[in-house]
Amino acid sequence: MNKYNLLGIFSLIFAMFIWGSSFVGLKIALASYNPYTIIFIRMVFASLCFLFFIKEFLKYKITKKDLFYIILLSLFEPCLYFVFEVNALQLTTASQAGMITSLMPLITSVAAVFILKELISKQFILGSFLAVFGSIWLSLEATSSLSAPNPILGNFLEFLAMTCAAGYTIIAKHLTYKFSALFITASQAFIGAIFFLPFASYEFVTSEFVFNLEGFLWIMYLGIVVTLGGYGLYNFALTKINASKVSIYINLIPVFTLILAFFILKEQLSFSEIFASFIILFGVFVSQIKIVIPRKIFNFFNKV
């Protein structure tokens with residue numbers, strides 16, 4: 001039996017904390033800068049960090065097929081992922097967007113059913129239903145405000161972002177057989193910077209650019225700490241913990257987002273929104289774990 005390594009667990013938890021904080025950071029940065037400008041600068045900072053590993057990356061021999069998968073991977077995340085997410089956070093709260101991220105392992109599992117032809121259980125179907133029901137309830141209960149003018153549409157866009165993240169995960173699994181996680185992340189950053197350059201240029205030409213130190217520091221945080229720190233700790237944790245056990249930790253992201261959004265952004269959820277959030281987490285938990293029924297209990301119900 002594989003034993004959990006405490007260092008790996010703490011690294012994974014801290015990675016989830018960093019990723020949870022990205023919603024708060026992006027929400028704050030959006031108050032000072034245009035959305036695609038934020039993403040472009042973030043990708044540039046991340047790309048600059050990866051320049052230190054260029055020599056290591058040059059050892060790879062990339063075929064046309066590899067290039068196709070790398071571009072497709074980057075199209076899913078960060079390109080389309082951030083297009084959906086940056087627009088989502090202009091319409092909903094960081095708390096609710098963070099809660100929608102708990103659906104990501106679930107969406108990935110559904111994609112695996114159709115693409116990889118994996119079998120699903122009744123338990124998985126039940127958990128999926130609960131999670132989706134909770135997400136719809138959470139969106140319907142949300143009230144419009146200055147910081148969240150259209151939470152229903154915002155939460156749907158965040159759901160589309162999670163769909164892109166699921167597509168990225170499936171393709172990344174294929175690429176990790178040949179390339180390191182560091183190389184894959186660097187490829188995403190470089191391609192992302194190129195992808196968002198025309199969007200950022202358009203914003204720069206058509207709107208007034210006013211430098212704001214707090215917003216700029218948060219963009220640096222997103223590019224350096226979230227990209228390098230989050231992925232670095234996550235990849236390190238994968239060397240210490242069985243990969244099949246890692247997905248459940250992703251559900252810590254919305255928890256950390258809720259806590260940070262409460263203290264930093266002063267966002268609050270109503271009782272019904274908290275209950276809907278609990279249903280989402282419970283549904284994902286039910287769909288991801290295996291429930292083992294003791295043989296005595298199983299035999300008892302068979303007799304009945």
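Given the structure is predicted, the values throughout are model-derived calculations rather than measurements.
- With Glu158 contributing its side chain and Phe84 its backbone, the two residues share no donor-acceptor pair below 3.5 Å.
- Formation of a donor-acceptor pair under 3.5 Å by the Gln90 side chain with backbone atoms of Leu30 is not found in this model.
- Classification of the Phe271-Phe275 ring pair by plane angle, with boundaries at 30° and 60°, yields parallel.
- Using a distance-only test at 3.5 Å, with no hydrogens or angles considered, a donor-acceptor pair links the side chain of Arg42 to the main chain of Leu222.
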So Thr257 and Trp19, side-chain contact (heavy atoms from CB on, under 4.5 Å) or not? Walk me through it.
CA-CA 8 Å; Thr257 303; Trp19 283 343; over 6 Å; no

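- Classification of the Phe45-Phe216 ring pair by plane angle, with boundaries at 30° and 60°, yields perpendicular.
- Listed by first and then second residue, the side chain to side chain donor-acceptor pair (under 3.5 Å) pairs that reach into residues 20-29 are Ser21-Tyr221, sequence neighbours excluded.
- With rounding to the nearest 0.5 Å, the separation of CZ in Phe209 from OG in Ser207 is 9.5 Å.
- Not counting sequence neighbours, the partners of Phe14 by the side chain to side chain contact (heavy atoms under 4.5 Å, CB included) test are Phe17, Ile18, Leu233.
- Closest approach of Gly167 to Phe76, counting heavy atoms only: C-CD1, 4.0 Å.
- Residue Ser74 holds its OG atom at 14.5 Å from OH of Tyr69, rounded to the nearest 0.5 Å.
- When hydrophobic clusters are built by joining Ile, Leu, Val, Met, Phe, Trp and Tyr residues whose side-chain heavy atoms come closer than 4.5 Å, directly or via intermediates, Ile39 is not grouped with Tyr202.
- No side-chain donor-acceptor contact under 3.5 Å links Ser95 to the backbone of Leu258.
- Contact of the Tyr60 side chain with the Phe183 side chain is registered, since non-hydrogen atoms from C-beta on lie closer than 4.5 Å.
- In this structure the side chain of Thr101 reaches within 4.5 angstrom of the side chain of Phe23, judged on heavy atoms.
- Evaluation of the side chain to side chain contact (heavy atoms under 4.5 Å, CB included) rule for Leu213 yields Phe211, Leu217 as partners, not counting sequence neighbours.
- You'll find the side chain of Pro35 reaches within 4.5 Å of the side chain of Glu203, heavy atoms only.
- Heavy atoms of other residues, nucleotides or ligands lying less than 6.0 angstrom from CZ of Phe256 number more than 12.
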Does Phe159 form a side-chain contact (heavy atoms from CB on, under 4.5 Å) with Asn155? I'd like the steps, not just the answer.
CA-CA 6 Å; Phe159 172 80; Asn155 289 349; over 6 Å; no

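- When every heavy atom of Leu182 is checked against every heavy atom of Phe57, the shortest pair comes out as O-CZ, 3.9 Å.
- Although no hydrogens or angles enter the test, the distance criterion places no donor-acceptor pair under 3.5 Å between the side chain of Thr37 and the main chain of Tyr33.
- Closest approach of Ala261 to Ala94, counting heavy atoms only: CB-CB, 4.4 Å.
- Within the structure, salt bridge (Lys or Arg N to Asp or Glu O under 4.0 Å) pairs that include any residue of residues 61-77 comprise Asp66-Lys178 (at least two apart or interchain).
- Residues Pro254 and Gly98 share a closest heavy-atom pair of CB-O, 3.1 Å.
- Note: Phe282 and Phe278 have parallel aromatic rings, judged against thresholds of 30 and 60 degrees for the angle between ring planes.
- Linking Ile, Leu, Val, Met, Phe, Trp and Tyr residues whenever their side-chain heavy atoms come within less than 4.5 Å leaves Ile38 and Val210 in two separate clusters.
- Among all heavy-atom pairs drawn from Gly20 and Leu260, the shortest one is C-CD1, 4.3 Å.
- Residues satisfying the side chain to side chain contact (heavy atoms under 4.5 Å, CB included) criterion with Leu73, sequence neighbours excluded, are Tyr168, Ile171, Ala172, Leu175, Ile184, Gln188.
- Two residues are said to be in side-chain contact when any heavy atoms from C-beta on lie closer than 4.5 Å; Trp218 and Leu26 fail this criterion.
- For the pair Phe82 and Phe196, the minimum side-chain heavy-atom distance is below 4.5 Å.
- Side-chain atoms of Ser32 never come within 3.5 Å of backbone atoms of Glu214 as a donor-acceptor pair (strictly under, hydrogens ignored).
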For Phe262 and Val24, what are the C-alpha separation, side-chain angles and deciding distance, and is it a side-chain contact (heavy atoms from CB on, under 4.5 Å)?
CA-CA 10 Å; Phe262 175 80; Val24 176; over 6 Å; no

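- Panel note: side chain Ser201, backbone Leu197; a donor-acceptor pair is recorded below 3.5 Å.
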Dump the intermediate steps for side-chain contact (heavy atoms from CB on, under 4.5 Å) on Met43 and Phe190, then the final yes or no.
CA-CA 7 Å; Met43 293 295 106; Phe190 290 132; over 6 Å; no

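- For Tyr36 and Phe199, the ring centers are positioned less than 6.0 Å apart.
- Residues meeting the side chain to side chain contact (heavy atoms under 4.5 Å, CB included) test with Leu91, sequence neighbours left out: Pro149, Asn150, Leu153, Leu157.
- Linking Ile, Leu, Val, Met, Phe, Trp and Tyr whenever their side-chain heavy atoms come within less than 4.5 Å leaves Phe50 and Ile194 in two separate clusters.
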